[in-house]
Amino acid sequence: MIDLRLVRENPDLVRASQRARGADESLVDGLLKADTARREAVKRADDLRGEQKNASQAVRTATPAERPAVLGRAKALATEVKEAEEVQRAADAALRAAHLRIPNVVAGEVPPGGEDDAVTLRTVGDVPTYDFPVRDHIEIGEALGAIDMERGAKVSGARFYFLTGPGALLEFALAQLAISRAVAAGFIPVVAPALVKPEAMEGTGFLGEHDEEVYRIERDDLYLVGTSEVALAGMHAKEVLDLSAGPRRYAGWSSCFRREAGSYGKDTRGIIRVHWFDKVEMFSFCRPEEAQAEHLRLLAWEEEFLQALELPYRVVDIAAGDLGTSATRKYDIEAWFPSQGTYRELTSTSDCTTFQARRLSIRYRDEDGKPQTAATLNGTLCAIARTIACLLEVHQRPDGAVHVPTALRPWLGGVAELTPGMTLAAGVPPV
RNA sequence: GGAGGGCUCGCCUAGUGGCCGAUGGCGGCGGUCUUGAAAACCGCUAUGGGGUAACACCCAUCGUGGGUUCGAAUCCCACGCCCUCCGCCA
């Protein structure tokens with residue numbers, strides 16, 4: 001949630017942000033009203049409680065003669081306090097509801113517009129050309145025995161798949177490469193739970209407008225995460241972190257689950273848009289003043305990873321209307337998909353400023369030793385299924401083989417190519 | 001799933017109805033002393049909310065939520081978490 005002080009002191013800024021997102025401006029006034037109402041309710045309840053405290057002290061010191069009168073007054077006040085507390089509870093709840101409805105304030109530099117208005121910041125690597133008919137990742141993957149869509153559908157339904165043989169090896173190789181690079185860069189590797197409590201889900205902003213995207217295990221009141229960001233952010237909920245030495249960085253591996261409601265007909269073929277995939281996610285906790293710089297660092301690490309995979313890509317600055325609830329700014333990296341003749345999102349990094357940390361109560365101590373709300377940022381290092389799809393397509397060869405980028409080879413037994421009918425034992429590191 | 005035990009201020013600990021936000025120790029911070037340090041001594045050492053120009057001040061918080069009472073860390077109920085034992089299990 002956003003900083004209430006900001007709303008009080010600069011409501012126009014928040015209104016402008018709502019407008020930029022194409023969201024409801026009047027929510028800001030609703031929030032201001034709820035804030036005022038709550039403060040009045042709190043004041044009244046506090047004052048009454050104070051009076052009642054004194055009154056019950058007086059009971060103790062009262063002489064036997066005074067006692068009945070004093071006791072009567074205390075009893076009356078007790079009733080009033082109860083009523084005032086009821087009002088306060090309602091006001092608290094109303095404020096919280098209004099507060100939760102407002103997404104993070106959009107950064108000033110964010111491009112205006114919606115989904116189609118992302119601004120390309122740079123394009124890296126040459127778009128490959130092929131002197132043979134280009135195949136998509138499913139054709140290539142099935143020929144390799146790497147992807148089995150049909151049986152995925154048989155077992156789990158649409159948008160599920162099996163990674164088999166070389167495909168399964170690719171998954172682990174990518175995960176190893178991603179984790180290894182992250183650790184070398186100073187990240188703490190984490191294997192995170194994929195099932196979380198509602199607080200973690202709400203705290204990271206996934207239960208707002210987009211809650212139909214999330215799988216819910218109603219019976220146990222748990223949610224399947226759409227990204228390990230949820231578990232990583234929740235990991236330090238209600239804690240005061242030591243951020244004096246700089247950002248605290250985690251690289252989390254977990255499965256991710258997405259209902260893909262409302263994306264009927266989009267990417268129905270292949271493993272680009274699926275209900276389940278595994279992902280290595282970067283997550284940073286830092287002081288708010290460090291967040292912008294940290295955001296660029298996350299982006300740089302994402303770019304380096306794609307460069308290591310020898311994939312051509314472009315970096316786009318996401319427009320205001322397309323930002324997630326928690327983000328003040330977001331950069332996507334889109335990699336080239338030859339079968340589609342276009343760039344498609346492979347990674348994404350968001351600066352959530354203090355928005356998530358405020359909900360989750362994640363703090364640090366400033367120079368004066370006072371607790372302050374931290375900032376959180378997240379970025380994809382490797383969304384494995386989609387990355388496999390891209391790799392297969394970009395690195396395809398006319399004979400159905402797939403070139404293995406040098407960086408990935410140590411995790412694939414040193415092989416330079418994946419080939420149909422390859423010996424799988426050759427594709428693993430020495431044992 | 002069944003049976004017990006426990007959850008107090010960073011850590012340990014006192015507190016079984018009335019100025020208890022809460023005792024004492026450790027740790028941490030500041031000071032006195034010292035050439036410097038140690039020791040000793042003195043002081044400080046929570047968080048959130050309201051309030052203020054800023055102080056003052058007020059309210060809340062003893063795992064969480066209810067209840068009893070004029071008054072609850074203390075009594076009652078429910079839940080959560082941790083530990084021990086039994087059963088089941090990757």
Side-chain angles (χ1 to χ4, degrees), chain A residues 1-10 31-100 191-203 217-224 231 234-245 248 254-255 287-288 354-374:
Chain A
M1 47 193 157
I2 61 173
D3 190 348
L4 269 183
R5 257 174 319 187
L6 181 71
V7 191
R8 285 176 199 150
E9 289 162 16
N10 205 343
L31 178 59
L32 282 169
K33 264 181 75 182
D35 181 43
T36 309
R38 187 197 74 110
R39 279 197 279 178
E40 280 165 11
V42 165
K43 177 127 182 57
R44 180 170 155 75
D46 275 2
D47 289 349
L48 277 171
R49 255 193 302 266
E51 265 190 74
Q52 202 232 4
K53 226 174 164 179
N54 292 334
S56 60
Q57 270 321 309
V59 171
R60 198 170 150 240
T61 51
T63 65
E66 297 166 333
R67 207 181 145 82
V70 175
L71 196 65
R73 180 173 144 70
K75 281 187 184 189
L77 274 167
T79 314
E80 275 192 76
V81 165
K82 242 167 217 167
E83 285 163 8
E85 283 178 341
E86 205 50 58
V87 173
Q88 187 191 334
R89 240 190 300 276
D92 278 336
L95 173 65
R96 185 178 157 75
H99 203 170
L100 248 26
V191 178
L195 223 42
V196 300
K197 297 191 203 178
E199 298 96 276
M201 216 63 188
E202 176 159 86
I217 313 292
E218 204 159 334
R219 190 166 152 167
D220 298 290
D221 202 17
L222 290 169
Y223 291 90
L224 281 165
M235 193 171 157
H236 287 305
K238 296 175 198 156
E239 292 184 29
V240 180
L241 300 173
D242 182 1
L243 297 177
S244 56
R248 184 146 167 165
S254 85
S255 289
R287 289 173 285 178
T354 56
F355 187 84
Q356 294 179 329
R358 184 167 294 107
R359 288 186 177 185
L360 292 167
S361 186
I362 302 167
R363 297 175 296 170
Y364 69 99
R365 286 189 193 282
D366 64 16
E367 291 73 15
D368 302 326
K370 288 282 158 235
Q372 302 288 354
T373 303

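Just so we're on the same page: letters track the sequence lines, and every chain starts at 1. Scope of the values below: all heavy atoms of this structure, side chains included, with no hydrogens, waters or symmetry mates.
Following rounding to the nearest Å, A/Gln52 (CD) and B/A60 (C1') show an atom-to-atom distance of 14 Å. For the pair A/Glu51 CD and B/C57 C1', the interatomic distance rounds to 16 Å; values are reported in whole Å. Between A/Glu86 atom CD and B/G67 atom C1' there is a gap of 14 Å when expressed in whole angstrom units. As rounded to whole Å, 11 Å separates atom P of B/U47 from atom CG of A/Asp366. With rounding to whole Å, A/Arg38 atom CZ is found 8 Å from B/G49 atom P. The CG atom of A/Asp368 sits 21 Å away from the P atom of B/C44 (whole-angstrom rounding). For the pair A/His99 NE2 and B/G49 P, the computed distance is 11 Å after rounding to whole Å. As a whole-Å value, the separation of A/Glu239 CD from B/G48 P is 15 Å.
The environment of CZ in A/Arg248 is crowded: more than 12 heavy-atom neighbours from other residues, nucleotides or ligands sit within 6.0 Å.
Contact detail for A/Thr373 and A/Tyr364: the closest heavy-atom pair is O-CE2, 3.3 Å. Heavy atoms only, all atoms of each residue included: A/Asp46 and A/Arg49 are closest at OD1-NH2, 2.8 Å.
Nucleic acid contact for A/Arg89: sugar-phosphate only, since backbone atoms but no base atoms lie under 4.0 Å from a heavy atom of the residue. At the heavy-atom level, A/Ala78 lies under 4.0 Å from the strands shown only through sugar-phosphate atoms. Residue A/Lys82 is in sugar-phosphate contact alone, with no base atom involved, counting any heavy-atom pair closer than 4.0 Å across all strands shown. Contact annotation for A/Arg358: no contact, since no heavy-atom pair falls under 4.0 Å across all strands. A/Arg44 comes within 4.0 angstrom of nothing in the nucleic acid, heavy atoms only.
Separation of the P atoms belonging to B/G10 and B/U23 is 14 Å when rounded to the nearest angstrom. Distance noted for atom P between B/C79 and B/G25: 40 Å (whole Å). Rounded to whole Å, the P atom of B/U69 lies 28 Å from the corresponding atom of B/C58.
Residues of residues 56-65 of chain A having a heavy atom closer than 4.0 Å to RNA chain B, listed by number: A/Ser56, A/Val59, A/Arg60.
For the strand RNA chain B, secondary-structure stems (runs of at least three Watson-Crick or G-U pairs, all distances below 3.5 Å) span B:1-7 with B:80-86, B:10-12 with B:24-26, B:27-32 with B:40-45, B:46-50 with B:57-61, B:63-67 with B:75-79.
Distances shown here put a side-chain N or O of A/Lys53 below 4.0 Å from the OP1 or OP2 atom of B/A60. OP1 or OP2 of B/G51 has at least one side-chain nitrogen or oxygen of A/Arg39 nearer than 4.0 Å. Contact annotation: A/Arg365 side-chain N/O to B/U47 OP1/OP2 distance is under 4.0 Å. Note on A/Arg363: a side-chain N or O is less than 4.0 Å away from OP1 or OP2 of B/G48.
On a pure distance criterion of 3.5 Å, no polar donor-acceptor pair joins the side chain of A/Asp47 and the base of B/G50.
Toward the 5′ end of RNA chain B lies the nearest nucleotide of A/Pro371, the other residue of the pair A/Pro371 and A/Ala55 mapping further downstream.
By the 4.5 Å heavy-atom criterion applied to side chains, A/Arg363 and A/Leu241 are not counted as neighbours.
Taking the side chain of A/Asp46 as heavy atoms from C-beta on, and the options B/C58, B/C70, B/U47, the nearest nucleotide is B/C58.
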